[in-house]
2 protein chains.
Amino acid sequence: MTIKDIARQAGVSVATVSRVLNNQTGFSEATKDRVLRVIENSGYTRNDLARSLSGKRTQSIGLLLPSLTSYFVSELLSGVETRAHAADLSVIICDTDQDGARTLKYLRMLREKRVDGVIFVSEWLTDEYKKAFDLLQTRVVLVSTYSPLYSFPYIKIDDYRASYDAVAYLIQRGHRQIAMIGGSEDDPIAGKPRLDGYRAALKHHNLPIREEYVAHGDFDFRSGMRAMDTLWDRAPQLTAVFAASDEMAVGALNSAHRHGKRVPDDLSIVGFDDTQLAEMVPPGLTAVRQPVRELGRRAVEYLIGSSEDVAGIILPHSITERASVRTLT
Amino acid sequence: MTIKDIARQAGVSVATVSRVLNNQTGFSEATKDRVLRVIENSGYTRNDLARSLSGKRTQSIGLLLPSLTSYFVSELLSGVETRAHAADLSVIICDTDQDGARTLKYLRMLREKRVDGVIFVSEWLTDEYKKAFDLLQTRVVLVSTYSPLYSFPYIKIDDYRASYDAVAYLIQRGHRQIAMIGGSEDDPIAGKPRLDGYRAALKHHNLPIREEYVAHGDFDFRSGMRAMDTLWDRAPQLTAVFAASDEMAVGALNSAHRHGKRVPDDLSIVGFDDTQLAEMVPPGLTAVRQPVRELGRRAVEYLIGSSEDVAGIILPHSITERASVRTLT
DNA sequence: CTGAAAGCGCTAACAC
DNA sequence: GTGTTAGCGCTTTCAG
């Protein structure tokens with residue numbers, strides 16, 4: 001069942017059918033009705049492949065994610081999907097698994113599929129990726145990452161500030177022995193900036209910066225647990241810990257639990273992202289809030305051009321208070 | 001840059017280029033090398049739209065999910081994505097939001113995109129969906145759901161048995177006052193069967209079935225929390241609760257926490273799914289394990305036909321023991 | 001082995 | 001208003 005069949009049955013030309021189908025102008029109400037009627041009872045569906053091939057957009061975008069299993073990613077995905085669907089775009093998900101070869105393979109696939117745009121999340125933009133992006137010849141937008149070398153538009157929060165604020169918050173609550181479970185010092189996106197923010201806050205408040213108070217993880221639960229375990233060994237006196245992700249914070253919580261420490265009585269914890277996880281885990285995790293869904297929504301809006309043209313967008317962060325932080329007196 | 005340009009530059013016909021590109025037969029090593037060389041330094045990428053249009057498959061599948069934000073869905077998605085990627089399929093995600101109109105709209109879109117198959121997850125298959133599926137003219141596979149009316153292949157676990165086993169487990173641990181936080185009695189997929197399994201286990205062990213011991217939720221965190229809250233009112237004497245999802249179990253845990261009850265000392269909890277969440281939340285949730293990723297993997301394998309042809313597949317479940325259940329003596 | 005040509009289904013000039 | 005037709009880029013007979 002093609003446009004041709006419809007044309008024949010309605011006694012018009014394919015051009016006319018195409019016109020009414022795309023509600024353009026150039027046909028009478030009468031023919032329009034006739035065509036529509038024929039289509040109605042004939043189970044016809046337009047073929048997007050053909051449509052796209054002959055010059056139009058493909059109405060699909062690619063979403064490159066470093067992983068699929070975390071609330072951060074889920075919520076971001078949800079934000080993207082919701083907005084995309086509203087704009088009649090379909091989204092192709094690509095789990096890069098933080099692997100170069102895999103990412104490149106996806107990029108090639110997206111090119112073959114002629115997607116109208118791609119959203120690149122949370123990872124560092126390498127030279128190779130940059131080249132692949134150029135080949136893509138579509139719009140690219142960075143989310144929760146950015147590139148100091150290449151000027152792709154980005155949407156993120158101010159990680160340094162957010163981290164600084166979280167630590168300042170703990171200090172304000174009376175904490176002085178504050179540890180941090182951060183990412184890697186080599187990670188210029190979510191690693192370094194957050195670590196720097198932590199140190200800056202301590203320094204600004206005239207607190208000593210002790211390197212034995214910082215442990216590194218890779219943002220997931222297990223690494224957070226391990227990091228906290230080592231922190232206990234190195235600095236049993238600490239009263240608070242700030243983790244660079246909710247999952248690591250929950251890992252810390254878990255570690256505390258296993259060490260017979262109570263949260264927040266014996267240890268205060270602040271997470272990062274404020275995903276659903278923060279609200280779920282008892283006693284409720286105080287966390288730096290990132291407007292995750294909005295990050296996704298905005299990315300799509302940038303791609304479809306319904307957003308002003310800017311170099312980048314920094315969204316505001318905040319702190320969601322729950323019960324994992326105790327005020328020391 | 002099209003196949004035509006390559007053909008011209010290599011001094012052959014488009015047919016030949018197409019042949020070597022799809023590594024078929026019918027060309028000499030010499031021409032093959034020549035063509036490949038030209039392609040190499042010309043940034044050519046095949047156009048999948050054109051390729052698909054002229055009869056081939058689209059190499060893409062649609063994945064219909066009831067929601068995007070839960071570990072169950074994330075892990076399933078991950079299973080699907082991994083397998084699909086290995087088979088060079090791209091997956092288009094569709095968040096139905098459990099909404100009929102939205103689902104139908106997605107189904108139409110998937111038809112327009114001529115996907116090679118669709119995976120329908122966790123929801124009840126209505127007449128309307130069934131009609132839309134028929135229109136699709138591609139393979140459809142049901143995951144974590146099935147249809148007694150229409151014979152679509154399905155992949156799931158035995159919910160009734162799984163639930164029965166969970167409750168039997170609690171009974172074996174000495175519990176007698178066991179509550180359940182289930183889905184809706186009207187939900188023939190994850191609601192009724194699990195509720196029935198609960199009752200059957202009690203009955204089989206000669207324990208009374210008290211309706212005030214069962215509360216209903218909709219599988220998410222908040223509903224689990226509310227359900228547990230009502231349970232405390234109705235039956236403060238209970239020693240254990242079995243929830244039909246990990247999220248509801250965590251909701252129950254949260255409720256217990258707020259009521260000053262300790263888990264597992266004052267209340268034992270068993271969850272359902274055994275997602276990452278079960279392992280993350282202290283003290284560690286004992287849960288019925290569903291091989292979620294495998295569910296997804298198998299679904300893709302069915303679609304690409306690398307799986308035997310069967311009416312349905314029931315995967316085995318098990319119980320993962322952690323620390324949320326206390327043995328009563 | 002290789003090429004010419006007929007589609008795949010639709011859009012967009014360009015005529016009438 | 002409406003029809004004709006030339007593509008869009010690729011695959012696939014059918015010849016040679």
Side-chain angles (χ1 to χ4, degrees), chain A residues 1-36 38-39 42-60 88 108-116 135 137-138, chain B residues 1-36 38-39 42-60 88 108-116 135 137-138:
Chain A
M1 183 63 56
T2 77
I3 208 182
K4 211 164 159 185
D5 301 310
I6 302 296
R8 184 159 12 79
Q9 287 182 45
V12 297
S13 73
V14 295
T16 299
V17 176
S18 175
R19 288 190 188 102
V20 341
L21 239 29
N22 296 289
N23 43 89
Q24 300 175 2
T25 61
F27 49 79
S28 64
E29 271 300 304
T31 48
K32 173 180 173 184
D33 290 347
R34 193 140 34 88
V35 171
L36 253 24
V38 173
I39 288 180
S42 71
Y44 166 81
T45 328
R46 89 177 167 214
N47 185 323
D48 254 9
L49 295 168
R51 186 184 164 81
S52 300
L53 180 57
S54 84
K56 312 282 289 189
R57 336 290 300 289
T58 54
Q59 299 287 88
S60 59
D88 278 311
R108 180 156 33 73
M109 174 196 268
L110 291 175
R111 181 148 65 113
E112 293 175 353
K113 289 240 188 303
R114 300 295 191 270
V115 293
D116 292 339
L135 251 24
Q137 299 185 91
T138 42
Chain B
M1 184 61 58
T2 77
I3 208 182
K4 209 163 160 186
D5 300 311
I6 303 297
R8 185 161 9 82
Q9 286 183 45
V12 296
S13 73
V14 294
T16 299
V17 176
S18 175
R19 289 191 188 101
V20 341
L21 238 29
N22 296 288
N23 43 87
Q24 300 175 2
T25 61
F27 48 79
S28 64
E29 270 301 304
T31 49
K32 172 181 173 181
D33 290 348
R34 192 139 35 87
V35 170
L36 254 25
V38 174
I39 288 179
S42 71
Y44 166 81
T45 327
R46 87 175 169 216
N47 185 323
D48 254 8
L49 295 168
R51 187 184 165 79
S52 300
L53 181 58
S54 85
K56 312 281 287 189
R57 337 289 300 291
T58 54
Q59 300 288 85
S60 58
D88 277 311
R108 180 155 35 71
M109 174 196 268
L110 292 176
R111 182 147 66 113
E112 292 175 353
K113 289 240 188 303
R114 300 296 190 268
V115 294
D116 292 340
L135 252 23
Q137 299 186 91
T138 42

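As the structure is a prediction and not an experimental result, all values here were calculated from the model. We use all heavy atoms of the structure for the numbers below, so side chains are in, but hydrogens, waters and symmetry mates are not.
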J.: Could you name each residue pair satisfying salt bridge (Lys or Arg N to Asp or Glu O under 4.0 Å) that touches residues 20-31 of chain A, not counting sequence neighbours?
T.: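 Sorted pair list comes back empty.
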J.: Nucleotide by nucleotide, 5' to 3', does protein get under 4.0 Å of the base (B), only the sugar-phosphate (S), or neither (-) in nucleotides 9-16 of chain C, counting heavy atoms?
T.: BBSBBB--
J.: Could you name each residue pair satisfying salt bridge (Lys or Arg N to Asp or Glu O under 4.0 Å) that touches residues 8-24 of chain B, not counting sequence neighbours?
T.: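 Pairs touching residues 8-24 of chain B that pass the test: B:Asp5-B:Arg8.
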J.: Please name all residues satisfying side chain to side chain contact (heavy atoms under 4.5 Å, CB included) with B:Ser54, sequence neighbours left out, ordered by chain then number.
T.: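 If we apply the side chain to side chain contact (heavy atoms under 4.5 Å, CB included) test to B:Ser54, skipping adjacent residues, there are no hits.
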J.: If you look at every strand shown and take non-hydrogen atoms under 4.0 Å, does B:Thr31 touch a base, only sugar-phosphate, or nothing?
T.: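 If one applies the 4.0 Å heavy-atom cut-off, B:Thr31 turns out to touch the sugar-phosphate alone, with no base involved.
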J.: Per the end-axis method with five pairs at each terminus, what is the bend angle of the helix from C:dC1-D:dG16 to C:dC16-D:dG1, to 10°?
T.: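 Axis angle across the helix from C:dC1-D:dG16 to C:dC16-D:dG1, nearest 10°: 40°.
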J.: Which residues pass the side chain to side chain contact (heavy atoms under 4.5 Å, CB included) test with A:Thr58, not counting sequence neighbours?
T.: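 Expected list: A:Ser52, A:Ser60, A:Arg114, A:Asp116, B:Leu49.
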J.: Not counting sequence neighbours, which residues clear salt bridge (Lys or Arg N to Asp or Glu O under 4.0 Å) with B:Asp33? List them please.
T.: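 Per chain and number, B:Asp33 pairs via salt bridge (Lys or Arg N to Asp or Glu O under 4.0 Å) with no residue.
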J.: If you walk 5' to 3' along DNA chain D, what is the first nucleotide with an atom under 4.0 Å of a heavy atom in chain A, and what is the last?
T.: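 Span of nucleotides near chain A: D:dG1 to D:dG9.
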J.: If you look at every heavy atom in B:Tyr44 and B:Ile3, which pair is closest and at what distance?
T.: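 Closest approach of B:Tyr44 to B:Ile3: CE1-N, 3.6 Å.
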J.: What residues form a salt bridge (Lys or Arg N to Asp or Glu O under 4.0 Å) with B:Arg46, not counting sequence neighbours?
T.: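 Residues passing salt bridge (Lys or Arg N to Asp or Glu O under 4.0 Å) with B:Arg46: A:Glu112, B:Asp48.
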J.: At their closest point, which heavy atom of A:Leu135 faces which heavy atom of A:Arg111, and how far apart are they?
T.: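 What the structure gives for the nearest pair is O-CD, 3.3 Å.
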J.: Can you sort out the partners of A:Ser28 under side-chain hydrogen bond (donor to acceptor under 3.5 Å, both in side chains), two or more places apart, ordered by chain and number?
T.: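 Counting only residues at least two positions away or on another chain, A:Ser28 forms a side-chain hydrogen bond (donor to acceptor under 3.5 Å, both in side chains) with A:Thr31.
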J.: side-chain hydrogen bond (donor to acceptor under 3.5 Å, both in side chains) with B:Ser13: which residues, sequence neighbours excluded?
T.: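 Once residues adjacent in sequence are excluded, the partners of B:Ser13 under the side-chain hydrogen bond (donor to acceptor under 3.5 Å, both in side chains) criterion are B:Thr16.
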J.: Roughly, in whole Å, what's the span from CG in A:Asp5 to P in C:dG7?
T.: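 The answer, rounded to whole Å, is 15 Å.
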